[in-house]
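A quick write-up on the structure given underneath.
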Amino acid sequence: MDRIVRENLDSGAVHDVGRLCHGHGTKFLEFAEQIRQAATKTEHTWQGEAGDAMRKHVTQLADHMSHSGSAGERWNTFGPADEQRLARYLDEQFGAFRPAR
């Protein structure tokens, strides 16, 4: 990744990927909330160990989906006008990054 970023930084492509990730992240967050609500609605009709176990597992799945969705949405913070901010971020993460000029 370091070589690709150093030699071929295309901030427009970064922006496009960011928008795509943001869209998928939003869908993950929405679906996580839907399955969380669906599981909660079963509390009155599905009681006992099996119902509790299903709600626990669905809630854990929804939590993981929410984390993934939030991460996907954060990718959209990089746009074409933010090449320097992206360079600083990559420098912090991978060290000694300098965009190709």
message = Please give me the minimum heavy-atom distance between W46 and G51, naming the atom from each residue.
response = NE1-N, 3.4 Å
key: Interatomic distance, M54 atom CE to T59 atom OG1 [nearest 0.5 angstrom]   = 8.0 Å
task = Can you establish whether the number of heavy atoms outside Q60 located under 6.0 Å from its atom CD is more than 12?
result = yes
Contacts of type side chain to side chain donor-acceptor pair (under 3.5 Å), residue T26, not counting sequence neighbours = E73
message = Please give me the minimum heavy-atom distance between S68 and F28, naming the atom from each residue.
response = CB-CD2, 4.0 Å
note = When rounded to the nearest 0.5 Å, the distance separating CG of L61 from NZ of K56 is 14.0 Å
query = What residues join L29 in its hydrophobic cluster, counting side-chain heavy atom gaps under 4.5 Å, either direct or through other members?
reply = none
Connected via hydrophobic side-chain network under 4.5 Å: L20 and M65 = no
note = Heavy-atom closest pair (Q47 atom, R55 atom, distance to 0.1 Å) is CA-NH2, 4.4 Å
query = Is a side-chain N or O of S70 found less than 3.5 angstrom from the main chain of H67, in a donor-acceptor match?
reply = no
note = The side chain to side chain donor-acceptor pair (under 3.5 Å) partners of E33 (sequence neighbours excluded) come to R36, Q37
